[in-house]
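Heads up, the thing below is written out as structure tokens.
Quick note on labels: first sequence line is chain A, next is B, and so on, each numbered from 1.
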Amino acid sequence: MDIRREELLRLYYYLKLARKLEERATSLYHQGKILGGVWTSYGMEAVSVGYGCALERDDVAAPYFRDMGAFLARGISAKRIMAQYLGKKTGVTGGKEGSTHIGDLNLGVFSFPSHLADNYPVGVGAALAFKIRGEKRIAVTCTGDGGTSRGDFHEAMNLAAVRKLPIVFFCNNNQYAYSTPLRLQMAVNNVADRALAYGIPSKTVDGNNVVEVYTAAKEAYTVARNSGGPTFIECKTMRVHGHSEHDSAKYVPRELLDAWKTKDPILTMERYLAGSVGMKQEELDGVTAQVVKEIDEAEKFAEESPYPDGTDCFTGLYATPIEEE
Amino acid sequence: MDIRREELLRLYYYLKLARKLEERATSLYHQGKILGGVWTSYGMEAVSVGYGCALERDDVAAPYFRDMGAFLARGISAKRIMAQYLGKKTGVTGGKEGSTHIGDLNLGVFSFPSHLADNYPVGVGAALAFKIRGEKRIAVTCTGDGGTSRGDFHEAMNLAAVRKLPIVFFCNNNQYAYSTPLRLQMAVNNVADRALAYGIPSKTVDGNNVVEVYTAAKEAYTVARNSGGPTFIECKTMRVHGHSEHDSAKYVPRELLDAWKTKDPILTMERYLAGSVGMKQEELDGVTAQVVKEIDEAEKFAEESPYPDGTDCFTGLYATPIEEE
Amino acid sequence: MKEITYLEAIKEALDEEMARDPSVFILGEDVGVYGGAFRVTEGLIEKYGEWRVLDTPLAESGFTGAAIGAALMGMRPVVEMQFADFISCAFDQLVNVAAKNHYRWGAATPIVVRAPFGGNIHGGPFHSQCIEGFFSNVPGLKIVAPSTAYDAKGLLKAAIRDNDPVIYCEHKYLYRRVKDSVPEEDYVVPIGKARVALEGKDVSIITYGAMVHTALEAAQTLGGNGISCEIIDLRTLLPLDKKAIFNTVKKTSKVVVLHEQTKTGGIGAEVSAIISENCFGYLDGPIIRVAAPDTPVPYSAQMEEVFIPQTKDVIDAVEKLMRY
Amino acid sequence: MKEITYLEAIKEALDEEMARDPSVFILGEDVGVYGGAFRVTEGLIEKYGEWRVLDTPLAESGFTGAAIGAALMGMRPVVEMQFADFISCAFDQLVNVAAKNHYRWGAATPIVVRAPFGGNIHGGPFHSQCIEGFFSNVPGLKIVAPSTAYDAKGLLKAAIRDNDPVIYCEHKYLYRRVKDSVPEEDYVVPIGKARVALEGKDVSIITYGAMVHTALEAAQTLGGNGISCEIIDLRTLLPLDKKAIFNTVKKTSKVVVLHEQTKTGGIGAEVSAIISENCFGYLDGPIIRVAAPDTPVPYSAQMEEVFIPQTKDVIDAVEKLMRY
Ligand SMILES: Cc1ncc(C[n+]2csc(CCOP(=O)(O)OP(=O)(O)O)c2C)c(N)n1
Ligand SMILES: Cc1ncc(C[n+]2csc(CCOP(=O)(O)OP(=O)(O)O)c2C)c(N)n1
Ligand SMILES: [Mg+2]
Ligand SMILES: [Mg+2]
């Protein structure tokens, strides 16, 4: 596939934006400004940036919590996300939710319910709606390697396959579910092998190579959009840090971590852009400068935003509230 | 595999016993004596007779509702089952449960919770207990083709595979889940293909040929018993009647029904016994006579048994009741 | 007006809503060609096609989750549980996804989950359960449970048009046993409103579902003995119509709460608690609950009859309360 | 006696029971090498090996079902939910298999499900839930919820030795915040028995879990104002210790029920209902419930503080009741 220069820059931009945003969030966490946990996609940004950027405006994504790239690529601003981390009123959920539990129907992105793989059936439902209405839109959903062991993964994959729904399934296979290595999660070599049970074509791609993820996504999206049914895409990567900021990941062999650190998705992309594509360093620096500015502004915005009122907790339960006379 | 004559006769005996028992239950149902529903394994008896007879005394089975052969082969008597159908105090569950919702821990057979595939994880748990204690026992579990679409199927298969547990999974693929044909249930050709997702070896056998089921079961049991891990066995058969006695199955193409009726598992077995094995008709008739006698006695026993007291409904909730002072 | 059964009322509501609004569709096991285990959706696939009356694989969590996703995209799915008992398999999607979407991120989830519930049909432990108790501590859901054909139709229409997830408890014992008048023209029964099923002055029987008919029978006998019963049919179980409950308590000062659900942790507990909290001064006797005992639903007819509250149990409770 | 934290108490109970009985084993996510998300099982895999401290795939229904099967074969599994919130995924196995096994076919299912529950830790909607309400209408289960290290240890031991499925609600806010004395020798706290956490005479505060400490704080202030509170720590939520509840009501005649769980359909509803039903004549005021509002648990600190009942809310309720 031939990817236009602007598109490559867009991928690079979102890689950097996700990285910087999560780095900033991590530092805010260590300053005690984020009260809940912080889980990042550090070192795995290429997965959600790749699948997120490959979507069309009218498509929808049902991500999981390590999909910062997809939230950003769908158009949820760094400002709103930063405010979300701080539990501010201006955060995506106005303080009702924390961290990456964000969604915005106007931007075609569903919030993530913590329960891993719950978004698999939900994503399938979006695809079902498109199919029923005969719209040329597609849905995507993503979960971790861990999430693929859940029943909802199975039920969703199967339903999508039977009805040939316009959905593409992603898995961020970062080799661990919290502390649990793949060998205690599954007895197959590739997560992609799981797709065999459903008659869903699958592909395993280098999850640290954003161009590879993006290309595979685009291809699968085209198939789905043209009534060719679902695809499952396993993105092999590595969680090169703890499960969250409070986990030192000492259960992971050092060598494994070290091996993967050299494969950092941003470095990989920079090598590619500077090499094969022949982009100038200034151009990349320009993106970085833009990203840093945006994150600085986002942090400022978030810090200056008001906290919600405590009594906001009483609002918003129902979409159709019941009138008490 | 060489099967001894007595074993072949045992298989034939249970095929006939299951058939006659369920025929009698059906007729009692039509006489209005069975208040709940009646679901039979008519035409599919070879599946559960095959896997049930292949078990050793200390093994356990976690069947589903169409596994009459397994209940009988584990040693639950026709008398107790007939009384169960009639809701009598002498039924396997004393009237607390109906139809084939029966189990008996002394006989190594678990009761079936209606929720299809729920017994898959439960069966896996029994295998886990054997593994933890280092016992040379195995567990088996069975569900319908429909049940394989459920999350519990997935979670159970995966867990068993990861821990290489001594369990053998069966599927009675009778091509329909109630009115739903396979094509609306899954997009793979064989239910056995589902096992690919777990790295579990699988086999598809003729579910109307009890010797084939029995042989495949025995082989898989040996593997499991010797720490070789789980196997998945799909038994292809056909539900040649309605889902239950109140369903005329008019959604099933006539030709399909007719084609399968000629493959009746009892006829198949009789042809085999009379042919290759060279058994005399008298020997088979002897079995039939024995079965009819047993079923007559069972019916008589059940009819003459008392109903439970209404107030029995208050008893038996807890195994460790809480003492109220 | 025309007379139709409870089952026909449900079918008509589905049919009319599907005709009215192309975003309404049905999914579940055997709802299409077969027309549903209880034949509620019979004929609809012929009318609306296999994409609006969708036979699913046997996977309650999967198809409930899919309904949620479709709802987020503007559809109005009606999920059929083959028996209410199987809703347990979709518990997580209902409680953690559907119920919390709007509060968490402002996304409306207009799904209806039809749950054929209740006993008295010799269904045993897995085909007779009352499932409303699983969800009564789950903010964000709505639960309704009609007792008449009129309400069955009107509440289902309201549920389909509502923007929140609604669990629609249809009592399968009533399907073909209850028949009453419904208007020819379109109408809804508002969610959140109870109804006075019988006016009376001495004692209030607060109930819902099949037990409304048991209460009516009891009231007839009691009326003969000079005790005038007011019967409140809750219709909506979550959230409760507090005003209607308080009104009847203020009127009669004596309360029996009746349900088929097992007693501990049932809807009756909440009804009792809000009365104690808000109408204590009006009460002149204990709030008595008549409910099933705390066990699974037994299979045998003998036991099931003892298990399910009977007219006589209601009469006894009322008489006991009148003697207080 | 020695002083240990609530978390240490749980760990000790597990360790001692595993040492005592080879049929006890632990399974769940990250319970082995990692020692559990809250480090409750830390060190146990080294001691008992990877077959008795079993890291499972991420599959709550699967491993809960497996625990049930193992229990049927004579084991005593302790299942860890990483957070109580994820118990929703195992709802069906708990409600339809574990809870009904003994009634349906006489098979005991001695499993314990550890559920780290409750809020006040900025966990948001999915890491703060009180899940006891999901199960309070499920006959066949037992539910316990300790508030002290002493009870945490004694109740967990009792739960492990009990032959029924027990949901063990451990409040994660208390893990390292509560510390008290436990005996050196083996002991159990019987399931089904509440305890008087504070003796008093004017008003009863019936509560459990983290709210016991809130009640104690409130009682201190109220004591200063001349109001003597009796605090009942329920400890077992299903079935309730009716006798202990009725005793305190008969003593004080005034009741506040306090819980962190959302109000509607919570445990407090059942407590209130059994009091109304059985002690009506003793009451001289309404039964007031202090509980979280009917919404998911919000994330922001400002909202969470309003959401979770505070000492002040208890004081207000008691004072209001005293003025009645
Ligand atoms: C159903 C469910 N059970 C448990 C958890 C707690 N939990 C949060 S993240 C996690 C590990 C997830 O692993 P994986 O799916 O591989 O995603 P990763 O964190 O590696 O990206 C667990 C167990 C959860 N979120 N959902
Ligand atoms: C979880 C669940 N959902 C729905 C049902 C209702 N139900 C009973 S049998 C059946 C069809 C079962 O099909 P299959 O698994 O193929 O078994 P078969 O009856 O064909 O032997 C259904 C949907 C059920 N028992 N469990
Ligand atoms: Mg992972
Ligand atoms: Mg079938």
Side-chain angles (χ1 to χ4, degrees), chain B residues 60 62 92-94 96-97 101-105 108-115 117-135 137 139 141 150-163 165 167 313 315-325, chain D residues 22-23 25 27 49 51-52 54-75 77 89-90 92-93 96-111 139-142 158 161-166 190-193 236 239 241-243:
Chain B
V60 294
V92 190
T93 63
K96 291 269 172 59
E97 262 287 13
H101 289 281
I102 53 177
D104 187 330
L105 283 180
V109 53
F110 293 173
S111 176
F112 165 70
S114 277
H115 299 61
D118 273 14
N119 254 355
Y120 255 56
V122 177
V124 166
L128 178 59
F130 302 154
K131 178 93 177 193
I132 292 175
R133 295 194 299 241
E135 294 168 356
R137 299 160 72 184
T141 185
R150 273 208 61 230
D152 275 27
F153 167 87
H154 177 72
E155 300 193 2
M157 292 280 284
N158 192 49
L159 185 53
V162 166
R163 293 284 176 167
L165 299 180
I167 182 161
C313 80
T315 63
L317 181 66
Y318 286 131
T320 308
I322 301 220
E323 290 144 44
E324 297 203 30
E325 283 145 42
Chain D
S23 65
F25 74 105
L27 71 172
W51 286 97
R52 287 186 67 201
L54 230 123
D55 278 325
T56 63
L58 209 162
E60 282 78 5
S61 189
F63 64 70
T64 302
I68 295 169
L72 291 174
M73 288 292 97
M75 301 298 285
C89 300
D92 173 55
Q93 284 285 347
N96 283 314
V97 190
K100 296 184 174 54
N101 269 342
H102 197 262
Y103 188 78
R104 290 176 55 237
W105 61 294
T109 310
I111 64 166
L141 297 178
K142 293 172 179 170
R161 297 176 195 182
D162 197 280
N163 290 324
D164 293 305
V166 181
I191 294 179
K193 297 281 169 271
T236 295
D241 184 348
K242 294 187 184 173
K243 201 177 155 200

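- With chain B as the partner, the residue from D:Asn96, D:Thr56, D:Thr64, D:Ile68 showing the most heavy-atom pairs under 4.5 Å is D:Asn96.
- Contacts of D:Leu141 with chain B are made by backbone atoms alone, with heavy-atom separations under 4.5 Å and no side-chain atom involved.
- Proximity to chain D is limited to the backbone of B:Thr315, based on heavy atoms less than 4.5 angstrom apart.
- Annotation: the span from B:Leu317 atom CG to D:Arg104 atom CZ amounts to 13.0 Å, rounded to 0.5 Å.
- If you measure heavy-atom distances from B:Ile102 to chain D, you find no contacts under 4.5 Å at all.
- When B:Asn158, B:Asp104, B:Asp152, B:Ile132 are compared by the number of non-hydrogen pairs under 4.5 Å with chain D, B:Ile132 comes out ahead.
- Taking OH of D:Tyr103 as the reference point, atom NZ of B:Lys96 lies at 5.0 Å (rounded to 0.5 Å).
- Per-residue heavy-atom pair counts under 4.5 Å with chain B were compared for D:Leu58, D:Asp164, D:Asn163, D:Thr236, and the maximum is reached by D:Asp164.
- Interface check for chain B: of the options D:Pro57, D:Pro77, D:Ala99, the most heavy-atom pairs under 4.5 Å are formed by D:Pro57.
- The two residues B:Arg133 and D:Gly74 make their nearest non-hydrogen contact at NH1-C, 4.0 Å.
- Contact of the B:Ser111 side chain with the D:Asn101 side chain is not registered, since no non-hydrogen atoms from C-beta on lie closer than 4.5 Å.
- Between atom CD1 of residue D:Ile191 and atom OG1 of residue B:Thr320 there is a gap of 8.0 Å, rounded to the nearest 0.5 Å.
- Contact record, B:Val109 with D:Trp105: O-CZ3, 3.7 Å, taken as the closest heavy-atom pair.
- Closest non-hydrogen pair, B:Tyr318 versus D:Pro239, comes out as OH-CD, 3.5 Å.
- Considering only heavy-atom pairs separated by less than 4.5 Å from chain B, the leading option among D:Gly140, D:Cys89, D:Ala108 is D:Gly140.
- Interface remark: B:Val60 contributes side-chain atoms only to the contact with chain D (heavy atom separation under 4.5 Å).
- With a 4.5 Å cut-off on non-hydrogen atoms, B:Phe110 touches chain D through its backbone and its side chain both.
- B:Glu155 approaches D:Gly62 most closely through the heavy-atom pair OE1-N, 2.6 Å.
- If you take CZ on B:Arg163 and CG on D:Asp55, they are separated by 6.5 Å, rounding to the nearest 0.5 Å.
- Shortest non-hydrogen contact noted between D:Ser61 and B:Pro121 is O-CB, 4.3 Å.
- When each of D:Gly192, D:Gly49, D:Pro139, D:Ala107 is checked for heavy-atom pairs under 4.5 Å with chain B, D:Pro139 comes out on top.
- Counting heavy-atom pairs under 4.5 Å between each of D:Lys142, D:Glu60, D:Met75 and chain B puts D:Lys142 at the top.
- Between D:Trp51 and B:Leu128 there is a side-chain heavy-atom pair separated by less than 4.5 Å.
- D:Lys100 contributes atom NZ, which lies 12.0 Å from atom NE2 of B:His101 (distance to the nearest 0.5 angstrom).
- For the atom pair CG (B:Asp118) and CG (D:Asp92), the distance works out to 4.0 Å, reported to the nearest 0.5 Å.
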